Amino acid sequence: MSVIVFGCGYVGLVTAVCLARMGHIVQCVDIESNKVAALSKGTIPFYEPGLKQRLVLAQKDQKISFVTRPSLDAEICIIAVGTPLASDGSSDLTQIYAVADTISEMENPPKTVIVKSTVPPGTTRNLSRYIQEKCPNRKFDFISNPEFLRQGNAVEDFQRPDRVVVGADSAPAFETVERLYDGFSLPSGKFVKTDIETAELTKYAANSFLTTKIAFMNELAGYCEKIGANIDDVAEGMGLDARIGPEFLRVGPGIGGSCFPKDIQTLSSVAQERENPLGIVDAVIRANRLHLEAMSAKVMDLCGGNLNGLKIVVFGVTFKANTDDLRNSPAHAIIPALQKAGAKVTIVDPVARKNAGRAFEAVVWEDDPYLAASNAEAIVILTEWDMFRTLDLEKLAKVSKEPRLADLRNLYDRETARKAGFKYTSVGR
Ligand code: UGA
C-alpha cells in the first residue's frame with residue numbers, strides 16, 4: 001500500500017520505518033526541513049535502539065522518503081504529530097489542524113485518514129468534519145488507531161504489539177487497517193474494533209492506568225520505609241497474582257516522559273470539562289508531584305539535612321533508560337531542588353548530553369562515573385541505565401569524599417552497598 005506519515009517524531013518515524021520494512025511505500029512529511037534533510041541521509045534525530053539500521057535498509061530498498069510537503073498519491077495517511085499540553089492543561093491541537101489543512105490542500109488526498117497521535121476523545125470526528133467541509137466533493141474514512149509503543153523498545157513494540165485498537169465507522173475502514181498491518185505478528189483476537197471515541201479514550205485509559213500502578217507503588221514505598229517493609233518484595237508478592245501482573249510495579253524517582261504526565265493531565269481536564277471529575281486520576285497527578293518532592297528530601301536526609309556547597313553526582317537524567325528523552329524527567333524536578341539547597345551538581349548520562357542543551361543550568365557533565373564521583377559528597381541514581389547497574393561500588397566509595405548513595409531505582413542490594421562503604425538509601429526498602 002502507499003502511505004503518507006505526517007510527523008517524524010518517535011511514533012511517526014517508528015511507524016513509517018516499520019511499515020516500509022513490511023513492504024509498503026511510505027512518504028514521511030515533517031515541517032522541519034533540517035530534520036527531513038538529516039533523515040534523508042539516514043540520520044535519526046533521537047536515540048532509539050534498532051531504528052537506524054531499519055531506516056537504512058528501507059532507504060536502500062527505496063521504500064521510504066522524507067519531504068516537507070506531501071507529494072505521493074497515497075491510499076492512506078497517518079497523522080502522528082505532537083499534541084503537547086497547552087498552558088491551561090488542555091491538549092494543544094495546533095499541529096493536528098495544520099496537517100488537516102495540508103491534507104485538504106492536496107490535489108489528490110488519501111481516502112483514509114488514520115489518527116495515531118494521542119488526541120482527546122472527539123478530536124478525530126471534529127477533524128473529519130473540518131476536512132470534509134474543506135473538501136465537500138471527496139469522501140474520507142477517518143480512523144482512530146492509537147499507538148502503544150514505548151520509547152527505547154519502540155520497534156519491537158510496533159512489530160509485535162499486544163493489541164491493535166481501531167475506531168472507525170465502516171467495515172471497509174477496518175479492512176483497510178487490517179491490510180496495512182497484515183504481516184505484523186498480531187496475536188489473534190487482539191484486534192479491537194470499536195467506535196472512534198472509544199478508541200481515542202482507550203489510549204488515555206491505558207496510560208492513566210499504568211501511571212496509577214506506578215504511583216500506587218511509589219506512594220506505598222513511603223509507608224514501607226516507616227514500618228521497615230520492603231517494597232520490592234511487596235511488588236513481587238502482588239505481581240505474581242495473574243489479575244495484577246508484575247509489570248509497572250517498579251518504584252523509582254517519579255513518573256516522567258512525554259506521555260504519562262501529559263496524558264493523565266489531559267484526561268483529568270477533559271473529564272472535568274464534561275463535569276465528570278476523575279478523582280483517581282487527579283490523585284495520581286498529586287501523588288507523583290509529592291513523590292518527586294519526597295525524593296529531593298530523601299537526598300537531603302542522606303546528607304544530614306544540609307546540601308550547602310556539597311558536590312552531588314547524578315547518575316542518569318533521562319526519564320528512563322534507553323532513550324535520550326528528557327521530557328518531564330524526574331531530573332528536572334530533583335536537580336533544581338538540590339541546587340536550590342546549595343548543592344553543586346555533576347551529571348553522568350550515556351546519551352543525554354548531546355541533546356540536553358541548556359536543560360540543566362550550572363551543572364558539570366562527565367562521561368566517566370568514577371571520575372565524576374571523585375570528591376563527591378553524595379551520588380544519586382535517577383535512571384536505570386545498564387552502566388549504572390554494574391558499578392564497582394567499592395571503587396566508587398573510595399573515590400568519594402563522603403560515600404553516600406541515594407539509589408532511587410533500587411538497582412543495588414542494600415547490604416552490598418553498605419559493605420562497599422556507602423551510607424545508603426533507596427526507595428521503599
Ligand atoms: C508510555 C507507555 O508505556 C506506552 O505504552 C505508550 O505508547 C507511550 O507512553 C505513549 O503514550 O506514547 P513511555 O513514555 O515510552 O511509554 O515510557 P514507559 O516505559 O511507560 O515509562 C514511563 C515512566 O514510568 C518512566 O518515567 C519510567 O521510569 C516510569 N516507570 C515505568 C516506573 O517508574 N516504574 C515502572 O514499573 C514502569
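Order of listing sets the numbers, starting from 1, for every ligand and every atom in it. Heads up: numbering here begins at 1 and tracks the sequence. It should be emphasised that the depicted structure is a prediction, and the values quoted were computed from it without experimental measurement.
With respect to R160 and E156, a salt bridge is recorded, a charged nitrogen being found less than 4.0 Å from a carboxylate O. A salt bridge does not link K298 to D301: none of the charged side-chain nitrogens sits closer than 4.0 Å to a carboxylate oxygen.
Remark: minimum distance from atom 16 (O) of ligand 1 to any protein heavy atom is reached at R150 CG, 3.7 Å. Protein heavy atom closest to atom 25 (C) of ligand 1, with residue, atom name and distance, is F319 CD1, 3.5 Å. Atom 17 (O) of ligand 1 has as its closest protein heavy atom K320 NZ, 3.2 Å. Remark: minimum distance from atom 5 (O) of ligand 1 to any protein heavy atom is reached at F148 O, 2.7 Å. In terms of protein heavy-atom proximity, atom 34 (N) of ligand 1 is closest to R250 O, 2.7 Å.
For ligand 1, the polar-atom distance check finds no N/O of I214 at less than 3.5 Å from any of the ligand's N/O atoms. For a threshold of 3.5 Å applied to N or O pairs, the pair formed by L149 and ligand 1 contains at least one separation below that value. On a distance-only criterion, R409 and ligand 1 share at least one N/O pair closer than 3.5 Å. Some N or O of G256 is nearer than 3.5 Å to an N or O of ligand 1, by distance alone. Taking distance alone, with nitrogen or oxygen atoms compared against 3.5 Å, Q151 approaches ligand 1 more closely than that limit.
Not close to ligand 1: E384, with no non-hydrogen atom less than 4.0 angstrom away.
Here the CD1-CD distance, from I31 to Q95, works out to 6.5 Å after rounding to the nearest 0.5 Å. Of the inter-residue distances, the one linking F319 atom CZ with D325 atom CG reads 5.5 Å to the nearest 0.5 angstrom. For the atom pair Y204 OH and C259 SG, the distance stands at 10.5 Å (nearest 0.5 Å).
Remark: among candidates C259, P253, S258, the nearest residue to atom 9 (O) of ligand 1 is C259, based on non-hydrogen atoms. One option in F158, F248, F260, Y10 has a heavy atom closer to atom 2 (C) of ligand 1 than any other, and that option is F260.
The nearest pair of heavy atoms linking W365 to V317 is CH2-CG2, 4.0 Å. Residues C8 and D30 share a closest heavy-atom pair of N-OD2, 2.8 Å. Minimum heavy-atom separation, A20 to I64: CB-CB, 4.0 Å.
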Are Q151 and S258 close enough, and set up right, to give a side-chain hydrogen bond (donor to acceptor under 3.5 Å, both in side chains), and what steps lead you there? CA-CA 10 Å; Q151 288 175 218; S258 63; 3.3 Å; yes
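Residue-ligand proximity, L249 to ligand 1, at heavy-atom distances under 4.0 Å covers atoms 36 (O).
By the criterion of a heavy-atom distance under 4.0 Å, the side chain of K203, and not its backbone, is placed next to ligand 1. When non-hydrogen atoms are compared, ligand 1 lies under 4.0 Å from neither the backbone nor the side chain of N218.
Side chain of E200 to backbone of T124: a donor-acceptor contact under 3.5 angstrom is found.
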